[in-house]
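What follows is one structure encoded as structure tokens, with my remarks underneath.
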Amino acid sequence: MSINDIKNSDLIKELKSFLKWIVIGSVMGIIIGLVGTLFHFCSGFAETFRDSHTWTLFFLPIAGVVIAYFYDLMHYSHDKGTNLVLLAVRDNKVMGIHHAVCIFVATVITHLCGGSSGREGASLQIGAALGSFTGRKLKFDDDDKRMMTMCSMSAMFAAVFGTPITAAIFSMEVISVGIFYYSAIVPCVASALTASYISSLFGISHIDVSVNLPGMNPVVYLKTALIGALCAVISIIFCMAMGGAGKLFKKIKNHALRAATGGVIVVLLTLIVQTRDYNGTGGAMIVSAFSEKPFVLAFAVKIIFTVITLASGFKGGEIFPVFFIGSSFGSVFAPLIGLDCSVGAAVGMVSLFCGVTNCPVASILLATELFGSDGIGIYVLACAVSYMLSGYRGLYSEQKILYSKIKTRYINKRIGDKK
């Protein structure tokens, strides 16, 4: 075989692979776009119903028991949450329809009764489960199953939150920090764009806010870097609180009693603070942080509500609460250093997201999709600072950081490792 024959053979293989993944990514985008739309409407309905029927909060402990026994019924008591998503891509751990059903139903129940959680983390699990299931049914090899899982994660994230570029890159970046799974870029982008378009047909879009940007100069850069540094500290506190509370709640061996206990605590906290702002996703509070300063310690209160909700066994995601925490902190702190509260909210939101996920590229793209590219300099700077100073902690204990944050050195460190 001549060199030209070899080149032609490789070209044909690449073309076949390209066409294969464009088609698969688009088809999965349509299917998961519809699933994501359904999930968005169900969780949205749950929150709307809760807001207009405030008595549902008092059923939160019972909801925790229902979730626990529902997982038992589905033979899925030992749920690893989003960590299983990372393992499904990296180690081809099996996820299936039962996982998708469990997290879908449990998240809606959590939102219905006022648990503090989001949609995005749950959407990653639903998408990954559907992708893993489909890959097995189509008898794909291990590499293709990984790509199916990532492309389905991207589609679900994009459908629920409406930021397709962030969704595509986040799925490729979050698994092993320091490398990108570039082989999945075509299916991830195709599925995310398709799913986002499908959900947009039903009126789903991302957060609509505006940022009153200042003139860019060294002083402004220093101020936003400071917000990024403080958000790195908050990310460490949040991740430590999640881990510590999880260990504390696990001392209650019965998982139904554990969830009920967490539910009782959240109900009591809600009565103490005398507002429902910290229940559910907190989407309205995120939007308002761009126009007016919230309660000074709103970010800390949301941390407590979220940690107790998720550590005790309720379901959902951590990402939307992170947006709440970051935007509310930034909105309060920015005016103290001479910046508009909207700038603080935007910078705080994306830099805290970066700190807890260790995904600087996805965080920068998130800022661009949500707030536009005009302030790209301050967003990049804040995310860079937060990424470096947040250390080797994160929301997902199975996440690996392959390269040191301070040296050009391969470390292959898992977030959950003690050393």
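Start at 1 with the first residue, then count along the sequence. Keep in mind that the numbers below use all heavy atoms, side chains included, and drop hydrogens, waters and symmetry copies. Predicted model only: the values in this text are computed from it and were never measured.
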Show me, pair by pair, the donor-acceptor contacts under 3.5 angstrom made by side chains of residues 319-340, not counting sequence neighbours?
| from | atom 1 | to | atom 2 | distance (Å) |
| --- | --- | --- | --- | --- |
| Ser327 | OG | Phe323 | O | 2.7 |
| Ser327 | OG | Phe324 | O | 3.2 |
| Ser328 | OG | Phe324 | O | 2.8 |
| Ser328 | OG | Ile325 | O | 3.1 |
| Ser331 | OG | Ala289 | O | 2.8 |
| Asp340 | OD2 | Ser342 | N | 2.9 |
| Asp340 | OD2 | Ser342 | OG | 2.5 |

Expected list for residues 120-130: side-chain donor-acceptor pairs under 3.5 angstrom, two or more places apart:
| from | atom 1 | to | atom 2 | distance (Å) |
| --- | --- | --- | --- | --- |
| Ser123 | OG | Glu120 | O | 2.6 |
| Gln125 | OE1 | His99 | NE2 | 3.1 |
| Gln125 | NE2 | Thr82 | OG1 | 3.2 |

Got a list of side-chain donor-acceptor pairs under 3.5 Å for residues 277-287, not counting sequence neighbours?
| from | atom 1 | to | atom 2 | distance (Å) |
| --- | --- | --- | --- | --- |
| Asp277 | OD1 | Thr275 | OG1 | 3.4 |
| Asp277 | OD2 | Thr275 | OG1 | 3.1 |
| Asn279 | ND2 | Gly114 | O | 2.9 |
| Asn279 | ND2 | Thr270 | OG1 | 3.2 |
| Thr281 | OG1 | Glu47 | OE1 | 2.8 |
| Thr281 | OG1 | Gly283 | N | 3.4 |

Contacts under 3.5 angstrom, residues 53-66 side chains, donor-acceptor by atom type, not counting sequence neighbours:
| from | atom 1 | to | atom 2 | distance (Å) |
| --- | --- | --- | --- | --- |
| His53 | ND1 | Phe49 | O | 3.0 |
| Thr56 | OG1 | His53 | O | 3.0 |
| Thr56 | OG1 | Leu112 | O | 3.3 |

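Defined by atom type and a distance below 3.5 Å, a donor-acceptor pair is missing between the side-chain atoms of Tyr379 and Ser373. Counted by atom type alone, Thr309 and Ser116 present zero donor-acceptor pairs between their side chains at under 3.5 Å.
Under the salt bridge (charged side-chain N to carboxylate O under 4.0 Å, His left out) criterion, no residue pair touches residues 53-64, with sequence neighbours excluded.
Partners of Phe104 under the ring-ring contact (aromatic ring centres under 6.0 Å, His included) rule, at least two apart in sequence or in another chain, are Phe39.
Between Val380 and the options Ile364, Thr224, Val385, Val350, a side chain to side chain contact (heavy atoms under 4.5 Å, CB included) holds for only Ile364.
In the displayed structure, Lys250 atom NZ is contacted under 6.0 Å by at most 12 heavy atoms of other residues, nucleotides or ligands. Counting heavy-atom neighbours within 6.0 Å of Tyr221 OH, excluding the residue itself, gives a total above 12. Dense packing is recorded around CZ of Phe41, with more than 12 heavy atoms of other residues, nucleotides or ligands lying under 6.0 Å away.
With values rounded to the nearest 0.5 angstrom, Ile376 atom CD1 is found 8.5 Å from Cys383 atom SG. One finds the OG atom of Ser176 at 8.0 Å from the CG atom of Asn412 (value rounded to the nearest 0.5 Å). The CG atom of Leu370 sits 12.5 Å away from the OG atom of Ser210 when rounded to the nearest 0.5 Å. Interatomic distance, Ile175 CD1 to Phe170 CZ, rounded to the nearest 0.5 Å: 8.0 Å. One finds the CZ atom of Phe161 at 9.5 Å from the CD atom of Glu369 (value rounded to the nearest 0.5 Å). Atom CG of Leu87 is separated from atom OH of Tyr396 by 13.5 Å, given to the nearest 0.5 angstrom.
For the pair Leu226 and Leu222, the minimum side-chain heavy-atom distance is 4.5 Å or more. Residues Asn358 and Gln399 form a side-chain contact, since some pair of their non-hydrogen atoms from C-beta on lies under 4.5 Å apart. Considering only heavy atoms from C-beta on, Ile169 comes within 4.5 Å of Phe180 through its side chain. For the pair Asp144/Met148, no side-chain contact is recorded, criterion being any heavy-atom separation below 4.5 Å from C-beta on.
Below 30°, between 30° and 60°, or above 60°: for Phe290 and Phe371 the angle between ring planes is between 30° and 60°, a tilted geometry.
Remark: the backbone N or O of Tyr387 is paired with a side-chain donor or acceptor of Lys405 at under 3.5 angstrom. Proximity of a side-chain donor or acceptor of Ser152 to a complementary backbone N or O of Thr149 within less than 3.5 Å is not detected. Looking only at distances, no side-chain donor or acceptor of Arg258 sits under 3.5 Å from a matching main-chain atom of Lys251.
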**Request:** Go through the steps for His111 and Ser117 under the test side chain to side chain donor-acceptor pair (under 3.5 Å), then give the verdict.
**Result:** CA-CA 7 Å; His111 289 168; Ser117 70; 3.2 Å; yes

**Request:** Carefully, step by step, assess Lys93 and Ser132 under the rule side chain to side chain donor-acceptor pair (under 3.5 Å).
**Result:** CA-CA 9 Å; Lys93 294 293 183 182; Ser132 176; over 6 Å; no

